[in-house]
Colleague: 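My structure is below; once you've seen it, I'll send some questions.
One is the number of the first residue; the rest follow in order along the sequence. Note that the structure is predicted; figures quoted are calculated from it, not measured.
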Amino acid sequence: MLAGLSHLSFDPASNNKSLQFSSTAGLQVSESPAENGSDPGKKRKRANVPPDGGGNLSPDSIPMGLPMSDPTAWATAMNNLGMAPMGMTGQPLLPDFDPALGMMTGIPPINPMMPGLGIVPPPIPPDMPAVKEIIHCKSCTLFPPNPHLPPPATRERPPGCKTVFVGGLPENGTEQIIMEVFEQCGEVIAIRKSKKNFCHIRFAEEFMVDKALYLSGYRIRLGSSTDKKDTGRLHVDFAQARDDLYEWECKQRMLAREERHRRRLEEERFRPPSPPPVVHYSDHECSVVAEKLKDDTKFLEAIQTLLTWIERGEVNRRTANNFYSMIQSANSHIRRLVNEKAAHEKEMEEAKEKFKLALSGILVQFEQIVAVYHSASKQKAWDHFTKAQRKNISVWCKQAEEIRNIHNDELMGIRREEEMEMSDEEIEDPSEMKETEESALVSQVEALKEENDSLRWQLDAYRNEVELLKQEQGKASRDEDTTKEQQMKLLQQALQGMQKHLLKVQDEYKKREAELEKVREDKLKIETLLENLKEQQSMADEEDKERDAVDCQGNESTSSRVCACSQEKECPVEKTLSNSPVKSEREVLLVGIISTFLHVHPFGASIEYICSYLQRLDSKICTAEVEVLMTRLQNTFRQELSGVGASLEKRWKFCGFDGLKMT
């Protein structure tokens, strides 16, 4: 039976150490000279198995890092581990050993031959190949593959793989033999054996698959038989199973749920706390909030409460006066804020002045220090200093001048900013002044409107209060009639005063409207004057253009007469003008420029070359316009083909002299 795989302290799939097995069932792993091609009839060297089935370790089969022939080195190693130096047979190497001198003090001496204690081999370098050994089981023997051969190939590992494919089984192999070989890799859940010498084994955990893959390449032999049906070469590989994939997906979903839960907890931990709840409106809370509105330290809390009450709809006929008083106290807080801002601005100006004074004092001191350096650099004192002293003085002088220039620039920048602010305040356009005056009047009118509306709302509130008082007057007793009449009189007087104030506000409103109308009329007059001036200017410009056109027409008529007299006296001037291919002065200029350009190029030029030259003079000229113009003037320009085959090109040439003879 294969034992020891489940008790390994390392993973054979990721470790290069040699695999060693020990069991109480009588299994022994021994070194054998038999390789893949050895004769099975030869005797193999095996360790003795006691009759009770207990396996023990022999010093010959254990890779030791220290030689056993050197008792001093062995005693030193045991002393460093805090153990009593013992031999392999159990006798103490140092009879006078003190356990307190070791590394692990306070622990009684340990015998390395005690049950459960194994001698730890030294670490094997990672580049050293793993050495596989013969594995003996109850009913079979596993021989390792040739170490010089490459490792067996495996497919890509499926996610959550717990099932392996085992091929190359002997024909006479049974499920008991397969269980005997692979159960020490881990807990086997199921074995599905086929008739064609392969099976599928499903383990309980994923790491057990790596242990099973370690057995890939081993040759298996049942008992001591040499029959072909009792031998085979194991091939262990990953297998894809639905159960493995389902369990892996369930595990991934569970991990995703845990991750989402963890993220939700993190978000809740970093989420800002919700604001405290606002108390409900009552007369007591209203008085408390009114007192807080008058206190600068508690104003923010009180104004938030007031805003919440108004948005909730707590304002009604009964509570309107209380809310108005709270709004009035909030309005008075504006004055405190303005005064506080003015005080801070004043402090800032004072700090600026102090900074400028300090900076100017620093600049004066810098000037004096630089003057000292310059005086020391003069011939009288300079000759008495050494070279090192002169060098230091010149360096110090440069540094002081740089720092002085930086501070001077900073001070000049501050003064320049102040001058610019002053100039911005002094210089204003008259049109801007008029606009500001109009905007001021408009804002005053709007303020009067708002004040008028507020007075109307106050009148409505007072009327509501009067109605409430009248209702309460009928229900109250006769003793309270006198007090109510006095209150009525006071309210009527207040109403009369409010009405008078309202009339005054309405009069002011009418006056401001009249002023606005006057300003608008003045503005209309100015705009009409501007339009008249623009029309007069446009008329004058048109007259000038007409005069210029008349002069140009006179010049053109004289030139046309001269040309007509010199060329043909029979054709009238009107026919030549109507039949001419050139239709505008711009085309005449283009014809002249193109003629001079082509006259310089006697072998002709392409239309693109001509247009590139013309576009330097005027970027609005297009190729189609130039080509149409030149095709119309056939007696002046002629198009020719030059080149052969792929180099065929159309070129325009100037033929005005030949056309003059022909016409």
Colleague: Do the non-hydrogen side-chain atoms of Val288 and Val279 ever get within less than 4.5 Å of each other?
Modeller: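 Contact flag for Val288/Val279 side chains = no.
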Colleague: Check the pair Phe165 / Val236 against side-chain contact (heavy atoms from CB on, under 4.5 Å), numbers first and verdict last.
Modeller: CA-CA 6 Å; Phe165 166 82; Val236 186; over 6 Å; no
Colleague: If you count the non-hydrogen atoms of other residues, nucleotides and ligands that lie under 6.0 Å from CE in Met539, is the total more than 12?
Modeller: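 12 or below, so no.
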Colleague: Heavy-atom count around Glu258 CD within 6.0 Å, excluding the residue itself: above 12?
Modeller: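 Yes - once you tally the heavy atoms of other residues, nucleotides and ligands closer than 6.0 Å, there are more than 12.
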Colleague: How long is the gap from NZ on Lys391 to OG on Ser394, to the nearest 0.5 Å?
Modeller: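 If we round to the nearest 0.5 Å, Lys391:NZ and Ser394:OG are 8.0 Å apart.
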Colleague: Is the closest basic N to carboxylate O distance between Glu349 and Lys346 below 4.0 Å?
Modeller: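 Lys346 and Glu349: not salt-bridged.
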Colleague: Please check: side-chain N/O of Asn322 versus main-chain N/O of Asp283, any donor-acceptor pairing under 3.5 Å?
Modeller: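 Looks like no, no N/O pair under 3.5 Å.
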Colleague: Just wondering, are more than 12 heavy atoms of other shown residues or ligands nearer than 6.0 Å to CZ in Arg616?
Modeller: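 Atom CZ in Arg616 is not crowded, with 12 or fewer foreign heavy atoms closer than 6.0 Å.
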Colleague: Which residue, Val209, Thr163, Ile189, Asp244, forms the side-chain contact (heavy atoms from CB on, under 4.5 Å) with Phe203?
Modeller: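 Output: one option passes, namely Val209.
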Colleague: Quick one, Tyr373 and Glu401 - any side-chain contact, counting heavy atoms below 4.5 Å?
Modeller: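 No, too far: nothing below the 4.5 Å cut-off.
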Colleague: Just so I know, are the side chains of Arg512 and Leu516 near enough to count as touching, which here means a heavy-atom distance under 4.5 Å?
Modeller: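 SC-SC contact between Arg512 and Leu516 ruled out.
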Colleague: Got a salt bridge between Arg269 and Glu266, using NZ or NE/NH1/NH2 to carboxylate O under 4.0 Å?
Modeller: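 Salt bridge between Arg269 and Glu266, a charged N being under 4.0 Å from a carboxylate O: yes.
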Colleague: Which value, rounded to the nearest 0.5 Å, describes the distance between Leu448 atom CG and Asp453 atom CG?
Modeller: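 Answer rounded to 0.5 Å: 11.0 Å.
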Colleague: Given the rule in the side-chain contact (heavy atoms from CB on, under 4.5 Å) test, do Glu527 and Leu524 qualify, once you have shown the distances and angles that lead to the verdict?
Modeller: CA-CA 5 Å; Glu527 288 177 355; Leu524 289 171; 4.0 Å; yes
Colleague: To the nearest 0.5 Å, what is the distance between CG (Asp296) and CD (Glu340)?
Modeller: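 Rounded to the nearest 0.5 Å, the CG-CD separation comes to 7.0 Å.
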Colleague: I want to check something: taking the side chain as every heavy atom from C-beta on, are Thr319 and Glu314 in contact at a cut-off of under 4.5 Å?
Modeller: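 Thr319 does not reach Glu314 side chain to side chain.
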Colleague: Is there a side-chain contact between Arg586 and Ile621, using heavy atoms and a 4.5 Å cut-off?
Modeller: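 Arg586 vs Ile621: side chains touch.
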Colleague: Quick one, Met208 with Lys162, criterion side-chain contact (heavy atoms from CB on, under 4.5 Å). Give me CA distance, side-chain angles, the key distance, then yes/no.
Modeller: CA-CA 8 Å; Met208 300 173 184; Lys162 296 181 183 178; over 6 Å; no
Colleague: Looking at Arg390 and Trp382, would you say the former's side chain and the latter's main chain have a donor-acceptor pair under 3.5 Å?
Modeller: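 It does hold such a pair.
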Colleague: In terms of ring plane angle, is the pair Phe366 and His407 parallel, tilted or perpendicular, where the classes change at 30° and 60°?
Modeller: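 Aromatic pair Phe366/His407 classed tilted.
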Colleague: What are the two closest non-hydrogen atoms of Leu455 and His501, and how far apart are they?
Modeller: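 Where Leu455 meets His501 most closely, the heavy atoms are CD1-CD2, 3.5 Å.
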Colleague: Measure the spacing between CE of Met348 and CD of Glu350 and express it to the nearest 0.5 Å.
Modeller: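 Rounded to the nearest 0.5 Å, the CE-CD separation comes to 11.0 Å.
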Colleague: May I ask you to test the Glu205-Glu187 pair for a side-chain heavy-atom distance under 4.5 Å?
Modeller: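 When only atoms from C-beta onward are counted, Glu187 and Glu205 do not touch, as no gap falls below 4.5 Å.
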Colleague: Can you confirm whether Arg157 is buried at CZ, in the sense that more than 12 heavy atoms of other residues, nucleotides or ligands lie under 6.0 Å from that atom?
Modeller: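 More than 12 within 6.0 Å, yes.
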Colleague: Under a 4.5 Å cut-off applied to non-hydrogen side-chain atoms, are Glu291 and Lys298 in contact?
Modeller: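 In short, these two side chains do not touch, never coming nearer than 4.5 Å.
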Colleague: Any donor and acceptor pair, going by atom type alone, linking the side chain of Asn331 with main-chain N or O of Ile327 inside 3.5 Å?
Modeller: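 Looks like no, no N/O pair under 3.5 Å.
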Colleague: Give the minimum heavy-atom separation between Glu206 and Gly160, together with the two atoms involved.
Modeller: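 Taking Glu206 first and Gly160 second, the nearest heavy atoms are OE2-CA, 3.4 Å.
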Colleague: Between Arg263 and Glu259, is a salt bridge (charged side-chain N to carboxylate O under 4.0 Å, His left out) present by the stated rule, with each step listed?
Modeller: CA-CA 6 Å; Arg263 287 183 181 177; Glu259 180 66 19; 3.3 Å; yes
Colleague: Please report the shortest heavy-atom distance between Val188 and Glu183, naming the atom on each side.
Modeller: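 Closest pair (atom of Val188, atom of Glu183, distance): CG2-CA, 3.9 Å.
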Colleague: Let's go through Arg312 and His280 carefully: what are the C-alpha distance in whole Å and the side-chain angles of both, what is the deciding distance for side-chain contact (heavy atoms from CB on, under 4.5 Å) to 0.1 Å, and is it a yes or a no?
Modeller: CA-CA 10 Å; Arg312 283 180 184 174; His280 292 282; 3.7 Å; yes
Colleague: Do you know which two heavy atoms are closest between Ala381 and Ser375, and how far apart they sit?
Modeller: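 Looks like CB-O, 4.5 Å.
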Colleague: Between the main-chain N or O of Glu285 and the side-chain N or O of Ser282, is there a donor-acceptor pair closer than 3.5 Å?
Modeller: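 Yes; at least one donor-acceptor contact below 3.5 Å.
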Colleague: Report the distance from atom CG of Asn408 to atom CG of Leu359, rounding to the nearest 0.5 Å.
Modeller: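 Going from the CG atom of Asn408 to the CG atom of Leu359 covers 8.5 Å.
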Colleague: Any non-hydrogen side-chain atom of Asn452 less than 4.5 Å from a side-chain atom of Tyr509?
Modeller: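 A side-chain contact is absent here, since even the closest heavy-atom pair is not under 4.5 Å.
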Colleague: Which pair of heavy atoms, one from Ala376 and one from Phe385, lies closest together, and at what distance?
Modeller: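 Smallest heavy-atom distance, with atoms named: O-CE1, 3.9 Å.
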Colleague: Can you tell me how far the SG atom of Cys161 sits from the CH2 atom of Trp248, to the nearest 0.5 Å?
Modeller: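 Cys161 atom SG to Trp248 atom CH2 measures 12.5 Å (nearest 0.5 Å).
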Colleague: Restricting to non-hydrogen atoms, name the atom on Ala320 and the atom on Val315 that form the minimum distance, rounded to 0.1 Å.
Modeller: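 Smallest heavy-atom distance, with atoms named: CA-CG1, 4.5 Å.
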Colleague: Does CD in Gln240 sit with more than 12 non-hydrogen atoms of other residues, nucleotides or ligands closer than 6.0 Å?
Modeller: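 Check fails, neighbour count at 12 or below.
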Colleague: Taking everything shown except Arg262 itself, do over 12 heavy atoms lie less than 6.0 Å from its CZ?
Modeller: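 For Arg262, atom CZ is crowded (more than 12 foreign heavy atoms under 6.0 Å).
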